[in-house]
Trainee: 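What follows is a single structure, and I will ask about it in a moment.
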2 protein chains.
Amino acid sequence: MTATKPYHHGELRPALVAAANAIIRESGIEKLSMRRLADQVGVSRTAPYHHFKDKNALLCAIAEMGFEEQNQMTREILDDPEDNNNEAVFARWVRAYIRFAHENPETYDLMFGREIWKGGTPTPSLQAISKTSFRLWVDLVAKMQQRGVLPGSHSALRTAQASWAALHGMARLLIDGIYVQREDLEEIAETVVDLLTRTTPDSH
Amino acid sequence: MTATKPYHHGELRPALVAAANAIIRESGIEKLSMRRLADQVGVSRTAPYHHFKDKNALLCAIAEMGFEEQNQMTREILDDPEDNNNEAVFARWVRAYIRFAHENPETYDLMFGREIWKGGTPTPSLQAISKTSFRLWVDLVAKMQQRGVLPGSHSALRTAQASWAALHGMARLLIDGIYVQREDLEEIAETVVDLLTRTTPDSH
DNA sequence: AATTGAAACTTGACGCTGTCAAGTTTGGTC
DNA sequence: GACCAAACTTGACAGCGTCAAGTTTCAATT
């Protein structure tokens with residue numbers, strides 16, 4: 001084993017992302033600083049700037065990973081071969097979405113929060129993947145409309161926007177802990193699903 | 001006019017709040033610093049600390065004002081004497097909520113955002129007024145349930161939590177500008193209202 | 001095998017931040 | 001007129017993002 005640490009780290013970029021993820025997971029985004037991060041990985045303060053233009057760029061990279069994970073999750077549900085059960089798919093997705101937000105609150109904040117989308121400047125690639133992510137959601141909504149699980153009274157896009165807003169609001173409720181006891185969240189999610197999926201009286 | 005500025009400002013606290021509000025309105029929360037604020041008002045860096053324990057306390061005070069404004073808005077709609085029109089009240093409230101978020105995005109962020117509720121420590125008085133605010137919302141939801149505008153399938157509390165999540169999600173959509181063109185927002189709001197207010201088939 | 005150029009990394013510095021400690025000025029009360 | 005508490009100031013410290021200039025290393029060309 002090479003005891004003397006080499007000048008070149010060799011795997012700095014992935015190491016940085018991993019360490020950054022660990023920090024935000026354990027201490028929150030506000031505790032993540034470029035200097036602390038560099039320290040943790042064992043390089044000098046400015047070394048990270050050779051792999052990320054900005055702190056913003058670093059945060060975007062983390063958010064991007066979050067979208068990748070979430071998209072994969074969505075695709076699994078969308079492409080489930082033995083998806084005979086019309087009703088359950090939508091509820092399953094909602095549960096999965098909330099679970100993701102619950103298990104990765106800080107990443108979720110980066111993905112959808114002010115830090116990047118308002119304060120900072122989302123990377124082109126981040127914009128791209130978030131767009132893809134939403135498109136997947138629209139697809140799923142359209143499918144649910146065809147099945148009569150979601151009402152077809154508005155376009156798939158509008159319905160997707162409206163229902164995603166509901167989901168996002170719940171995630172925020174969960175993460176920020178306002179207006180809600182954490183134990184109640186599951187029941188609230190159920191309520192949201194019920195409110196959204198009540199098909200119109202003209203079913204048949 | 002007293003040309004030589006006196007040692008005691010006399011109205012520092014309100015002046016600070018006003019200046020802080022102006023700063024966040026024009027430049028966003030991230031541009032608000034205690035030093036810049038003090039500078040703007042014309043006092044030394046640490047003068048504000050005699051009126052606010054913390055930066056956090058200052059932010060809480062601003063958020064509190066936001067809740068006061070919003071609560072007054074809610075009460076006006078709740079207590080409207082000539083409220084004959086069952087349907088419209090709910091939609092009106094939703095529009096008002098979204099308008100508030102649209103016109104005071106930075107204040108809205110403070111009221112419900114991470115900065116205070118996760119990062120910082122909400123003042124007791126802020127907690128109190130936000131609780132009041134939510135209670136008003138539950139009251140309105142209960143009223144709407146009695147009128148059959150909102151479904152009574154779940155308790156007023158759950159329904160309020162779920163529907164508020166939808167509203168909050170829309171506000172975030174609007175403010176952060178993700179997944180949505182600003183012009184579409186009105187139509188999306190309408191969609192949300194439609195989704196929530198479709199009364200169940202068992203109306204009578 | 002030596003040279004060269006780019007990439008990875010370091011140290012130093014600047015201006016910004018929140019806030020603590022200690023000192024100064026002021027207005028009101030006994 | 002003395003005194004005290006409140007309002008306010010200056011100085012200081014540690015931390016932040018990041019730019020500029022220097023050093024080390026690796027890999028490819030000659």
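First the proteins, then the strands, lettered A, B, ... as listed; each starts at 1.
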Trainee: Pairs of donor and acceptor atoms involving the side chains of residues 44-57 of chain B, under 3.5 Å and at least two apart or interchain, shall be tabulated with distances.
Mentor:
from    : atom 1 : to       : atom 2 : distance (Å)
B:Lys55 : NZ     : B:Leu32  : O      : 2.9
B:Asn56 : OD1    : B:Thr121 : N      : 3.4
B:Asn56 : ND2    : B:Thr121 : O      : 2.7

Trainee: Under 3.5 Å, which N/O atoms of the protein pair with N/O atoms of nucleotides 14-17 of chain C?
Mentor:
from   : atom 1 : to      : atom 2 : distance (Å)
C:dT17 : OP1    : B:Ser33 : OG     : 2.9

Trainee: For B:Leu16 and D:dA7, give me the distance from atom CG to atom C1', rounded to whole Å.
Mentor: 12 Å
Trainee: Going by the rule side chain to side chain contact (heavy atoms under 4.5 Å, CB included), which residues pair with A:Ala63 if we only count those two or more places apart in sequence or in a different chain?
Mentor: A:Leu110, A:Met111, A:Ile116, A:Leu126
Trainee: When you measure only distances, ignoring hydrogens and angles, does the side chain of A:Arg45 come within 3.5 Å of the base of D:dG15 through a donor and an acceptor?
Mentor: no
Trainee: Tell me the interatomic distance from A:Ile23, atom CD1, to D:dC16, atom C1', rounded to whole angstroms.
Mentor: 14 Å
Trainee: Are the ring centres of B:Tyr108 and B:His168 closer than 6.0 Å?
Mentor: yes
Trainee: Return the value, rounded to whole Å, for the distance between atom OH of B:Tyr49 and atom P of D:dT10.
Mentor: 16 Å
Trainee: Can you name the one residue among A:Glu68, A:Arg75, A:Glu69, A:Met73 that meets side-chain contact (heavy atoms from CB on, under 4.5 Å) with A:Asn71?
Mentor: A:Arg75
Trainee: Nearest to the A:His51 side chain among C:dA8, D:dT9, C:dG18, which nucleotide is it?
Mentor: C:dA8
Trainee: Between atom CD in A:Glu11 and atom P in C:dA8, what is the gap in whole Å?
Mentor: 12 Å
Trainee: Do A:Ile98 and A:Glu186 come close enough that some side-chain heavy atom pair is under 4.5 Å?
Mentor: no
Trainee: Under a 4.0 Å N-O cut-off, is there an ion pair linking A:Arg172 with A:Asp176?
Mentor: yes
Trainee: Using atom CG of B:Leu12 as one end and atom C1' of D:dT9 as the other, report the distance to the nearest whole Å.
Mentor: 12 Å
Trainee: In whole angstroms, how far is the P atom of D:dG17 from the CZ atom of A:Phe52?
Mentor: 14 Å
Trainee: Relative to the 5' end of DNA chain C, which residue comes earlier, B:Asp54 or B:His50, by the nucleotide with the nearest heavy atom?
Mentor: B:Asp54
Trainee: Starting at CG of B:Asp39 and ending at P of D:dT10, how long is that distance when rounded to a whole Å?
Mentor: 12 Å
